[in-house]
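This report refers to the structure that appears directly beneath it.
Within every chain, numbering begins at 1; the chains are lettered A, B, ... in the order of the sequence lines, protein sequences first and strands thereafter. Here the structure is a predicted model, which is why all the values come from computation and not from measurement.
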Protein chains: 2
Amino acid sequence: MNKHAYISMARGDQPVDLVFKNANIVNVFTKTIEQGNLAVSDGIIIGIGDYNGKEEIDLKGAYIAPGFIDGHVHIESSMLTPEHYAQITIPRGTTTVLADCHEIANVLGKEGIDFMLSSSEKSIQDVFMMIPSCVPATPFESSGAVLNARDIEPYKNHPRVKGLGEMMDYVGAVNGHEDVLSKIQDYSDKVIDGHAPGLMGKDLNAYVLAGVETDHECVEAKELIEKVKRGMYIHLREGSQTKNVLDLIPGLSADYYQRILLCSDDLHPFDMRHSGHIDHNINLAIQAGIDPIQAISMATINSANCYRLYKRGAIAPGYIADLVIFDDLSSIDVKRVYKKGQLVAENHKALFNVQVNIPETVLNTVHIHPKKMDFTMTLKSNVVWAIGLIKNNVSTEKLKETVWLDNHQFNCKDNPGYLKLAVIERHHQTGHIGLGIVKGYGLKHGAVAMTIAHDSHNIICLGDSDRDMHLAVERIEMIGGGIVLVSKGKVVSEIQLDVAGLMSSNNADYVIQQLNDLETHIKAMGINPEIEDPFLQLAFLSLPVIPKLKVTDLGLFDVDQFKIIPLEVSESK
Amino acid sequence: MNKHAYISMARGDQPVDLVFKNANIVNVFTKTIEQGNLAVSDGIIIGIGDYNGKEEIDLKGAYIAPGFIDGHVHIESSMLTPEHYAQITIPRGTTTVLADCHEIANVLGKEGIDFMLSSSEKSIQDVFMMIPSCVPATPFESSGAVLNARDIEPYKNHPRVKGLGEMMDYVGAVNGHEDVLSKIQDYSDKVIDGHAPGLMGKDLNAYVLAGVETDHECVEAKELIEKVKRGMYIHLREGSQTKNVLDLIPGLSADYYQRILLCSDDLHPFDMRHSGHIDHNINLAIQAGIDPIQAISMATINSANCYRLYKRGAIAPGYIADLVIFDDLSSIDVKRVYKKGQLVAENHKALFNVQVNIPETVLNTVHIHPKKMDFTMTLKSNVVWAIGLIKNNVSTEKLKETVWLDNHQFNCKDNPGYLKLAVIERHHQTGHIGLGIVKGYGLKHGAVAMTIAHDSHNIICLGDSDRDMHLAVERIEMIGGGIVLVSKGKVVSEIQLDVAGLMSSNNADYVIQQLNDLETHIKAMGINPEIEDPFLQLAFLSLPVIPKLKVTDLGLFDVDQFKIIPLEVSESK
């Protein structure tokens, strides 16, 4: 159909495809509810008024709002490919996402980005991509690929690429490092996403001056306010591990609601199914006292404005007919979702199937050095640096601990409460293994291994027995990536994440079921009951950009010193 | 200087060019006043904080705000070329304008657009251009040029072109006319300005659906609210002739201040000097109760957002250092203006000179048919259609009047209170002359002629004596365009507008002086004291897109019927 026809329909001279009658239309421009009829044809909104449709649906006063936009998400963290991700998030009202494929890029570089672009191409959800800016996140780990400015520059011309992904190398940006500035320069006519936890004052000025425009890492009101003042758009994030919405709401004011967006960042499919997706952020905001239409605006028009998504995020003539329907404005429970004018979800269920074809390029990505791995820890001193866990937090504590050594060897059986952590390079068979000691996780008689290990996604393995750790890692290699739980010499539960070791080629039902099974089993193995998500907590123990003590395949990493350190506390300390 | 240096300055590692100390900084993001020091280097804002500068200026608590943006202006209406326009508007704080060169395009087509682009290139003011969409405005007049979609398409690639100028052919848009849709399609990745007085309901849906995104023609609150609801940005216009700010403010709400912009549209230099420019709109809004920072935001960040002017319209790191300084937030009187970090105006005076070089292409644009003009009116009936003036309004009344005819001839001397209006084609020597009768203007013993006659800018001439009318038009031709006032066979005052017959190559002082002289003289010639601006009132008597009765070079034009009609009222009516 062409524009002449749409215009004729808008005038009322010919019938539209579909009219929602008696709707309470959420107008994100005026922040009002407009009672009336909404006309849609061919996937676009024709108008609001007295229209006749070939199909007419009486909404009987139900609310209709623009489809929600997740302003920053790593689809890989759902362990689902984009098509299956759409299947679980569209029923919660998310019709558009800004996806940063940082995780798979760390495994597969450009082939990873290409896969995410191509697999999302035919997704019913609109996936706009932010191209990863920091692969790897630091030089103190071995990622599957290194992407410099020249590698990522060509992606800026892709029609669904909206900018540069989170600039987590804020130290590089603030200090004007050449490659960082080149990347920003190349993407200067697009949006530059930020990632700068706690950055304030002059360093924040420098970061914004470098070109960064958004931030989703605020943890307190004061930080949010300063970042808005400096011109940033701020995402209120509610992920599975990192939850900031309620902490940040005291920093909001009606004077700058339009600078606020909502995002999930990293969200497990279990949480999506039980708590929701961006609808959950909206509901949290409403419960905390934000006007519902303003909360909806944060998830729609505000994101559209920030990411320069024109004719999206509002109900107005010519806008994309992405629509969500619900009954109660004070607690949004999405009943029906229309994508480009088509009913695609009802009562939390997707009404479409997806066929996933996974190319060879993203399969079989686990390549360990053939030499037998060595997890023995031979130490010169029994005073060691150990990693202390912090509940529901990706940061850790740096603990000075006195342990029992047996002929200079550290073993878990001699040291109850401590576990061995190993990060095994799995991309290029280098044989690198980094080791550390973890306190407070509490696993007994077993080991867990996984290929989700931020951000390089080597194999991370935690256990109290070298034998079980070996078995878990070998099983990971055999299934081509995933999460494997071993107890007393046996695999007790696992999930295969065959796509880059990060995502399943299977659907959300499979992933949720396996994760539930894994969780049930690991929780029966004596882990600290304070740990809500044992696998997420583990996945971030290798992330060297978040304080304080982490392990990469190159060794124990002190984030404050930004260097690899020995396990033993040196004499002088 | 390069970005590395700026970033280093932002960190505080090297001194900046200039620091404004003890400033009350207007933060348009948070709508707050931030007390602090503002650092600027090399024309960009480095940061807010404790900085050291090579030069430091103690503002002693004065306010500093982003430079103002006029969201929609026809520079030609100032009768000044862009360089001289900057000289008079920059001292009022306007550092950026969105200019629609619709007037000169009607005279000179692409050569006119080219002139405005090139002459504004080196202006100290940043002139972004909206390319005229409707040249001519209607087929019922002879403009100097016709610009179809193919003619204007190439301009979209010019770096200072931000979109398509006001789509005043709203009838064409609402009815999906091919050439209108082609123009919009060509500019679909830019902003499409609207111009749709009174358009509401389904026709407004159709207009917005066609792609139009802004409107500056709202005259009442209800209309503004409906247009905001449909997704439009709305300009509050305060021109010399058309003043809407105070009428529209009752339609505003804090919930959608961000969709509101300010503009001047058509403003005489006399008004700029005496009342100001966009600062005047801001002050009117403040006086009417709008929060001052919100009013400033309408003239800064809101326009920047609408027109996709990035890093402009706010005081934040990396933004252009266009700054205005004033002492009182409740009534803004701009004391100093900085453009790209340089002091360019102080106490309402520009601190820069301009050198204007006018190319031959835009001079000598008055070309009348050599045959003697005939202003005689031979009528079949003494009941005629006359144009009735409405105070300070570009609309007119359509009056049915009984006049005295002398041997079928209408003469003013027999009909006190009526004047002859003639519109003489002046672009292509066609010899077209359209005639009409005007009631309520009141000129005695003379004639006024001018080459400003919206929108085709033929010669418009009003008088009570054919002899004086002839003389005025001949003088216009002799000086190459302008305004000429004749009384009893003598030129009593004039201004030469040598550039396309619309603008002077001279500066604002000259233009204001000549206009004052003209006004003094014309007001002494018995004109209706209710007419505030006799020349503006005249200039719109040929504009065939505004109701009700106008005259073009093709004859008397009935806007409601949208056709040329005879002077005489036909028998059947």
Checklist outcome for this item: Heaviest contributor of heavy-atom pairs below 4.5 Å to chain B, chosen from I293(A), D50(A), D13(A), I45(A), is D50(A)
Checklist entry - Does any heavy atom of chain A fall under 4.5 Å from the side chain of T30(B), the backbone, both, or neither of them? => result both
Item to check | Separation of H177(A) NE2 from H4(B) NE2 (nearest 0.5 Å) | outcome: 8.5 Å
Checklist entry - Run the side-chain contact (heavy atoms from CB on, under 4.5 Å) check on L209(B) and I46(A) step by step: do they pass? => result CA-CA 7 Å; L209(B) 183 58; I46(A) 298 297; 4.1 Å; yes
Item to check | A173(A) portion near chain B, given a 4.5 angstrom heavy-atom threshold | outcome: backbone
Checklist entry - So which of P317(B), G47(B), A10(B), G318(B) has the biggest tally of heavy-atom pairs under 4.5 Å with chain A? => result P317(B)
Next on the checklist: Tell me which of these, K311(B), R308(B), M232(B), Q294(B), has more heavy-atom pairs under 4.5 Å with chain A than the rest.
Outcome noted: R308(B)
Checklist entry - Roughly how far, to the nearest 0.5 Å, is the CG atom of N302(B) from the CD atom of Q258(A)? => result 8.0 Å
Checklist entry - How many angstroms lie between atom CD1 of I301(A) and atom CZ of R259(B), to the nearest 0.5 angstrom? => result 6.0 Å
Next on the checklist: Within 45 degrees of the ring normal and closer than 6.0 Å to the centroid, is that where the cationic atom of K202(B) sits relative to Y51(A)?
Outcome noted: yes
Item to check | Short side-chain to backbone donor-acceptor contact, K3(A) and A210(B), under 3.5 Å | outcome: yes
Checklist entry - Between E213(A) and Y310(B), is any pair of side-chain heavy atoms under 4.5 Å apart? => result no
Checklist entry - Relative to chain B, which segment of A314(A) carries a heavy atom at a distance below 4.5 Å: side chain, backbone, both, or neither? => result neither
Item to check | Winner by heavy-atom pair count (cut-off under 4.5 Å) against chain B, out of I315(A), I48(A), D203(A) | outcome: I48(A)
Checklist entry - Is there side-chain contact between I7(B) and L181(A), with at least one heavy-atom pair below 4.5 Å? => result yes
Checklist entry - Picking from N175(A), D291(A), L204(A), which has the most non-hydrogen pairs under 4.5 angstrom with chain B? => result N175(A)
Checklist entry - So which heavy atom on F29(B) is nearest to which on Y256(A), and how close? => result O-CB, 3.2 Å
Checklist entry - Which bit of R230(A) comes within less than 4.5 Å of chain B, counting heavy atoms only: side chain, backbone, both or neither? => result both
Checklist entry - For N27(A), is it the side chain, the backbone, both, or neither that has a heavy atom closer than 4.5 Å to a heavy atom of chain B? => result side chain
Next on the checklist: Within the 4.5 Å heavy-atom criterion, are M9(A) and N205(B) side-chain neighbours or not?
Outcome noted: no
Checklist entry - With a 4.5 angstrom heavy-atom cut-off, which part of I184(A) approaches chain B: side chain, backbone, both or neither? => result side chain
Checklist entry - What part of T32(A) gets closer than 4.5 Å to chain B, counting heavy atoms only: side chain, backbone, both or neither? => result side chain
